[in-house]
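Naming convention: chains lettered A, B, ... in sequence-line order (proteins, then strands); numbering from 1 in each chain.
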There are 2 protein chains.
Amino acid sequence: MPHLVEPNIPHRAMLTPPKDSHPEKGIVTQLRAYLAQSDLPEDGRLPPERELSSALGVSRTELRKALDVLEEEGQLWRHVGKGTFLGSRPLDTFADISALARRSNPAEVMRARLVMEPEIARAAAFSATPAAIAEMRLCLARSRQAETWRHYEGWDTRLHRTIAEATQNSLLLGLFDTLNAVRRAVTWGRLRTAPVRPAPTHHSFAEHDAIVEAIELRDMAGAAAAMRTHLKSVERKLLEQQDSRPEDR
Amino acid sequence: MPHLVEPNIPHRAMLTPPKDSHPEKGIVTQLRAYLAQSDLPEDGRLPPERELSSALGVSRTELRKALDVLEEEGQLWRHVGKGTFLGSRPLDTFADISALARRSNPAEVMRARLVMEPEIARAAAFSATPAAIAEMRLCLARSRQAETWRHYEGWDTRLHRTIAEATQNSLLLGLFDTLNAVRRAVTWGRLRTAPVRPAPTHHSFAEHDAIVEAIELRDMAGAAAAMRTHLKSVERKLLEQQDSRPEDR
DNA sequence: ATATAAACCAAATCATAATTGGTCGCTCAC
DNA sequence: GTGAGCGACCAATTATGATTTGGTTTATAT
């Protein structure tokens with residue numbers, strides 16, 4: 001148990017400056033002075049609030065008010081568990097797949113797919129080449145022939161990626177790949193690994209057909225709608241599975 | 001201290017199958033059979049070598065030889081500390097911002113934004129908290145007060161990111177951040193640092209207002225449409241600039 | 001009413017232990 | 001001798017638990 005009882009330090013109330021008409025402003029300036037003279041570590045991190053408040057002889061509440069002001073001014077940024085730092089918040093833009101996967105979950109992945117993939121399909125309907133469409137048809141055929149769920153999923157993944165490629169937008173493709181990597185990395189309760197093959201009536205077959213058909217017809221709205229319908233089906237299936245099998249972890 | 005001394009387990013040398021003319025080949029087929037019948041977890045990870053060897057009744061050395069064969073065939077991949085997995089090694093899908101930016105260009109970035117951000121705004125209209133909306137309004141006000149283009153862009157960026165945060169979907173937020181990082185990397189050369197402030201009639205002001213207003217009204221379609229309108233304006237402005245100033249990169 | 005102190009919370013970090021594929025050295029059987 | 005089995009060790013990775021830290025709430029006092 002840390003920090004049991006504060007040893008009896010004589011209060012320094014008398015050392016506090018005389019009452020100010022705007023006391024919080026005074027603390028702000030006091031804090032500014034401290035930040036100016038104190039040499040902070042390389043990363044601009046300043047001591048935790050609990051230390052700083054006692055060092056400045058103010059309550060943590062008041063210190064936090066002052067910090068709020070400086071943060072509002074953009075002079076520093078704070079984050080729970082990390083600390084308080086001078087300067088502007090570093091855009092945490094390293095798209096670390098594993099980090100994303102750790103913070104995410106299957107429901108989020110499905111919602112992200114529902115945001116991205118219909119629009120990707122729309123773009124693909126606009127710019128897909130005949131070769132890309134041929135590859136989509138190949139994926140459709142192979143996924144129907146798949147003898148195991150593992151094989152089926154392989155062709156399913158390839159179909160969706162082919163659609164993303166068909167946008168001819170390398171950035172969109174990169175974002176799609178990132179999303180896909182997170183999807184695979186997210187540890188959802190081990191799904192179907194059954195060695196049985198998907199039933200010929202599996203809902204995805206017809207839905208995939210509809211997507212590719214719309215793309216081939218250059219029907220942008222139709223492609224987006226078909227993709228949305230498909231992902232909604234997948235989502236429903238996912239939720240059913242999750243409900244019927246409440247095992248967690 | 002773990003695993004002090006292995007308890008004295010009687011050797012099972014006599015239980016080993018009779019000598020095979022090509023022992024290692026036999027183990028490979030045995031391993032193949034095991035992989036075919038055993039249902040592996042979603043990620044394709046198979047049991048650690050120490051378990052698998054005893055489960056198959058072969059020595060770890062022999063098992064590793066068999067695994068070497070399968071790895072050479074590309075049927076599985078291994079990594080120290082992680083384990084052994086079926087399928088092909090996941091291409092290092094770390095979303096390398098600089099690599100993406102190198103392959104991309106401003107036009108692609110704009111199209112990617114037009115794909116993602118309207119749908120993000122739609123989702124935000126559904127799930128934004130009052131606090132998030134308050135922050136959006138703050139960004140609106142501050143961007144109007146901005147005294148330089150740099151400040152304006154700061155608040156503009158923060159507004160768009162706040163909208164992405166309001167989806168309450170960390171994965172979408174991560175994808176948005178990736179897109180944003182690429183955007184900044186791509187437009188790195190040509191950031192206008194003009195000290196003049198944006199005109200009060202700047203098109204983005206009213207467009208931003210419309211987006212936030214739709215989000216506040218929970219008007220999902222309206223938010224998506226407003227965001228699309230805004231990005232179309234930005235795209236038009238971008239193309240004008242690019243035309244009038246044909247400098248590339 | 002306001003401020004303070006204390007307690008609690010969740011996110012992040014740190015420290016430590018346990019796994020896991022890769023490698024080396026020894027022993028034994030043939 | 002040659003090769004296989006066995007055990008130990010290594011480094012990379014993961015898992016786990018305690019600690020730190022900003023954010024929030026509550027009770028108390030002035």
(request) Could you pick out which residue, V80(B) or E71(A), lies toward the 5' side of DNA chain D when each is mapped onto its nearest nucleotide? (result) V80(B)
(request) Using whole Å, report how far CG of L52(B) lies from P of dT19(C). (result) 17 Å
(request) Check the distance between dT20(C)'s P and R64(B)'s CZ and give it to me in whole angstrom. (result) 14 Å
(request) Using whole Å, report how far NZ of K65(B) lies from C1' of dG22(C). (result) 15 Å
(message) Can you measure D43(A) atom CG to dT13(C) atom P for me and round it to whole angstrom units?
(response) 12 Å
(request) Can you figure out which of dG23(D), dG22(C), dA4(D) approaches the side chain of R60(A) most closely? (result) dG23(D)
(message) With a 4.0 Å limit, can you tell me whether T61(A) has a side-chain N or O closer than that to the phosphate oxygens OP1/OP2 of dA3(C)?
(response) no
(message) Nearest 0.5 angstrom please: F176(A) CZ to T178(A) OG1, how far?
(response) 10.5 Å
(message) Is it the case that the side chain of S38(B) and the backbone of L35(B) share a donor-acceptor pair, with hydrogens and angles ignored and the cut-off at 3.5 Å?
(response) no
(message) Under 4.0 Å between a side-chain nitrogen and a carboxylate oxygen: does that hold for R122(B) and D219(B)?
(response) no
(request) Write down the distance between NZ (K82(B)) and C1' (dA12(D)), rounded to a whole number of angstrom. (result) 10 Å
(request) Among the candidates dT4(C), dA4(D), dT20(C), find the nucleotide nearest to the side-chain atoms of R45(B). (result) dT20(C)
(message) Strictly below 4.0 Å, N to O, side chains only: are R32(A) and E73(A) in salt-bridge contact?
(response) yes
(request) Would you mind telling me which of dT20(C), dG22(D), dA12(C) lies closest to the side-chain atoms of R50(B)? (result) dT20(C)
(message) It should be established whether S59(A) places a side-chain nitrogen or oxygen under 4.0 Å from OP1 or OP2 of nucleotide dA3(C).
(response) no
(request) Mind calculating the distance between CG (L46(A)) and C1' (dG22(D)) to the nearest angstrom? (result) 12 Å
(request) Please determine if a side-chain N or O atom of R78(B) lies less than 4.0 Å away from the OP1 or OP2 oxygen of dT20(C). (result) no
(request) Measure the distance from CD on E49(A) to P on dA5(C) and round it to the nearest whole Å. (result) 14 Å
(request) Report the nucleotide, chosen from dA12(D), dG23(D), dA3(C), that has the shortest atom-to-atom distance to any side-chain atom of E62(A). (result) dA3(C)
(message) For R78(A), is there an ion pair with E49(A) - N to carboxylate O distance below 4.0 angstrom?
(response) yes
(message) Under 4.0 Å from OP1 or OP2 of dT21(D): is there any side-chain N or O of H79(A) that close?
(response) no
(request) Return the value, rounded to whole Å, for the distance between atom CH2 of W77(B) and atom P of dT13(D). (result) 11 Å
